[in-house]
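Position 1 is the first residue of the sequence; numbering continues from there.
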Amino acid sequence: MNTQTIYLDYNATAPVRPQAIDAVVRTLQITGNPSSVHNTGRKAKAIVEDAREAVAQLVGAVPSQVIFTSGGTEALALALQGSPPGPRLVSSIEHPCVRVATPEAMDIAATQGGIVDLEHLENLLQTVPSPALVAVMLANNETGVIQPIRDVVRIAHAAGAKVVCDAVQAAGKIPVDFQSLGVDALALSGHKWGGPQGIGALITRTPEQLIPLFGGGGQERGKRGGTPNTPGIAGLGAAAEAVLNQGQAERERILRLRNNLESRIASLAPRARIWGHAENRLPNTTCVELRGVNQQRQLMALDLAGIAVSAGSACSSGKTAPSPVLAAMGASESQARDTIRISLGWNSQESDIEAFLTAWSPLARTAA
């Protein structure tokens with residue numbers, strides 16, 4: 001068994017960037033509650049507000065629109081459960097946490113390419129009372145397919161509905177601009193772009209309208225009580241700054257790696273299917289079906305070779321049911337069970353691609 005892991009599961013979580021580690025360590029050495037008015041409290045408060053500025057800059061928002069949370073799941077729950085009551089419409093390709101937060105929601109269909117069906121959304125909005133709340137992600141966590149969010153917003157707003165957007169997978173991988181997207185709320189999770197786990201944010205145009213998920217001492221403008229996770233927030237801000245500094249060059253490098261990977265996959269297994277291949281996708285994500293080779297067999301063989309990939313969403317890959325995302329795209333159960341996800345990121349190298357292909361090629365030779 002290979003003891004050195006080649007990590008290709010960035011959509012589950014990214015390795016923490018050195019800048020974020022340094023920020024967390026520095027902040028842990030500061031004793032101070034950001035809510036305290038003395039000198040050390042003010043130092044902690046400054047760290048929190050500097051990070052708020054960095055996160056806002058990363059996604060084209062203003063700092064007053066940023067509410068820190070424990071991650072994307074909490075941010076989405078706050079947006080979906082804390083908004084005024086009314087019908088909820090949720091795309092069939094959303095992350096599982098959205099479905100849990102809105103068990104009564106109506107499904108918006110998706111196309112075979114993994115794109116939300118805009119005509120179906122428009123028809124659904126005509127059947128429900130206003131105000132409705134629409135949840136559509138910016139980029140899918142399994143296929144990487146990018147959604148037409150501006151069109152979703154146009155249709156929803158015309159019907160008097162608001163839009164909550166899960167940007168957890170998109171932020172840090174493609175440019176995200178809260179203002180130009182036009183969504184009413186945007187959820188983020190820092191560990192997807194190299195920040196610490198357990199810290200994220202909700203970006204919202206109308207924070208005053210949100211009902212908190214739980215009571216507390218009034219932190220985050222009364223929307224998320226409790227002493228802030230100052231070290232985590234510092235790491236989140238540092239990771240956001242690192243993404244901003246590397247910008248387009250990093251995205252283009254990762255895209256080249258991904259394109260090389262997919263070209264080589266096609267050579268090794270011409271009948272392999274890249275889900276969503278014809279659509280606009282994140283530059284780092286490959287969701288590939290190897291017909292006749294079960295994903296568990298693939299994962300085990302790759303793991304023994306020291307390659308870490310995924311069977312899909314990190315929140316559902318341990319379950320026995322096939323991917324609801326692929327099912328919404330028209331995949332059969334057997335197709336979904338033959339599919340794995342490879343996702344790259346800021347520390348991925350050409351040698352990682354070569355290692356994956358070396359370990360995967362014997363599996364490809366056995367494909368149907």
Side-chain angles (χ1 to χ4, degrees), residues 60-61 65 72-73 75-170 176-187 202-211 213 275-276 278-281 313 323-331:
Q65 296 172 324
T73 295
L76 287 163
L78 177 57
L80 293 165
Q81 297 177 352
S83 294
R88 269 46 175 168
L89 281 64
V90 172
S91 88
S92 56
I93 55 172
E94 294 302 297
H95 189 276
C97 74
V98 173
R99 180 63 61 199
V100 170
T102 57
E104 77 293 350
M106 301 175 68
D107 271 343
I108 310 164
T111 69
Q112 289 190 344
I115 298 288
V116 63
D117 187 326
L118 296 174
E119 183 178 358
H120 189 225
L121 169 61
E122 192 165 15
N123 291 339
L124 283 177
L125 284 168
Q126 293 174 3
T127 69
V128 299
S130 184
L133 194 63
V134 175
V136 177
M137 57 175 34
L138 182 50
N140 187 261
N141 49 300
E142 295 185 38
T143 64
V145 172
I146 297 170
Q147 302 301 313
I149 293 298
R150 290 179 179 85
D151 290 331
V152 170
V153 169
R154 173 180 53 78
I155 292 167
H157 284 182
K162 291 190 174 182
V163 178
V164 172
C165 183
D166 171 3
V168 165
Q169 289 295 342
V176 176
D177 191 307
F178 178 65
Q179 304 302 339
S180 67
L181 285 174
V183 298
D184 300 282
L186 192 78
L202 177 67
I203 316 299
T204 176
R205 296 185 189 280
T206 55
E208 69 282 356
Q209 295 181 9
L210 286 177
I211 301 170
L213 295 177
W275 292 99
E279 308 295 344
N280 188 21
R281 287 182 290 147
S313 169
S323 162
V325 171
L326 297 183
M329 296 170 65

Crowded around Glu119 CD? As in, over 12 foreign heavy atoms under 6.0 Å?
no
Tightest non-hydrogen contact, residues Gly72 and Ala187, listed as O-CB, 4.3 Å
Does a donor on one side chain and an acceptor on the other come within less than 3.5 Å for His120 and Asp107?
no
Using the side chain to side chain contact (heavy atoms under 4.5 Å, CB included) rule, take Gln65 and Thr204 through it: C-alpha gap first, then chi angles, then the decisive distance, then the call.
CA-CA 5 Å; Gln65 296 172 324; Thr204 176; 5.7 Å; no
When you compare the side chains of Glu142 and Ser323, does any donor N or O come within less than 3.5 Å of an acceptor on the partner?
yes
Would you call Ile93 and Thr143 a side-chain contact if the rule is heavy atoms closer than 4.5 Å?
no
Of all heavy-atom pairs between Ala159 and Ser130, which one has the smallest distance, and what is that distance?
O-OG, 4.1 Å
If you take all heavy atoms of Gly144 and Ala139, which pair is closest and at what distance?
O-CB, 4.4 Å
Closest non-hydrogen atom pair between Val116 and Ser91, with its separation:
CG2-CB, 4.1 Å
Between Leu118 and Ile155, is any pair of side-chain heavy atoms under 4.5 Å apart?
yes
Could you walk me through whether Leu125 and Val134 pass the side chain to side chain contact (heavy atoms under 4.5 Å, CB included) check?
CA-CA 9 Å; Leu125 284 168; Val134 175; 4.1 Å; yes
Got His157 and Asp184 here, is their nearest side-chain heavy-atom distance under 4.5 Å?
yes
Taking atom OG of Ser92 and atom CD1 of Ile108, what is their separation to the nearest 0.5 Å?
8.0 Å
Could you check if a side-chain atom of Glu94 sits within less than 4.5 angstrom of a side-chain atom of Pro324, using non-hydrogen atoms only?
no
Spatial distance of atom CG (Asp117) from atom CD (Gln112) [nearest 0.5 Å]:
11.5 Å
Do Glu279 and Ile115 have side chains that get closer than 4.5 Å, going by heavy atoms?
yes
Matching residue for Val183 among Ile203, Val163, Val152 - test: side chain to side chain contact (heavy atoms under 4.5 Å, CB included):
Val163
Under 3.5 Å, is there a donor-acceptor pair between the Ser83 and Arg88 side chains?
no
Sort out for me which residue in Leu210, Leu186, Val164, Leu76 forms a side chain to side chain contact (heavy atoms under 4.5 Å, CB included) with Leu202.
Leu210
Applying side chain to side chain contact (heavy atoms under 4.5 Å, CB included), run through Leu80 and Val98 and close with a yes or a no.
CA-CA 8 Å; Leu80 293 165; Val98 173; 3.9 Å; yes
Between CD on residue Gln81 and CD1 on residue Ile211, distance to nearest 0.5 Å
10.5 Å
Do Gln179 and Arg205 have side-chain N/O donor and acceptor atoms under 3.5 Å apart?
yes
Given side chains that start at C-beta, do those of Leu138 and Gln147 come closer than 4.5 Å, heavy atoms only?
no
Close side-chain approach of Leu89 and Val128, heavy atoms under 4.5 Å
yes
Can you check side chain to side chain contact (heavy atoms under 4.5 Å, CB included) on Asn140 and Arg281, steps first, answer last?
CA-CA 9 Å; Asn140 187 261; Arg281 287 182 290 147; over 6 Å; no
Closest non-hydrogen atom pair between Asp177 and Ser180, with its separation:
OD1-N, 3.0 Å
Working to the nearest 0.5 angstrom, can you tell me the gap between Met106 CE and Thr102 OG1?
12.5 Å
Below 4.5 Å, heavy atoms only, C-beta onward: do Pro96 and Arg99 meet side chain to side chain?
no
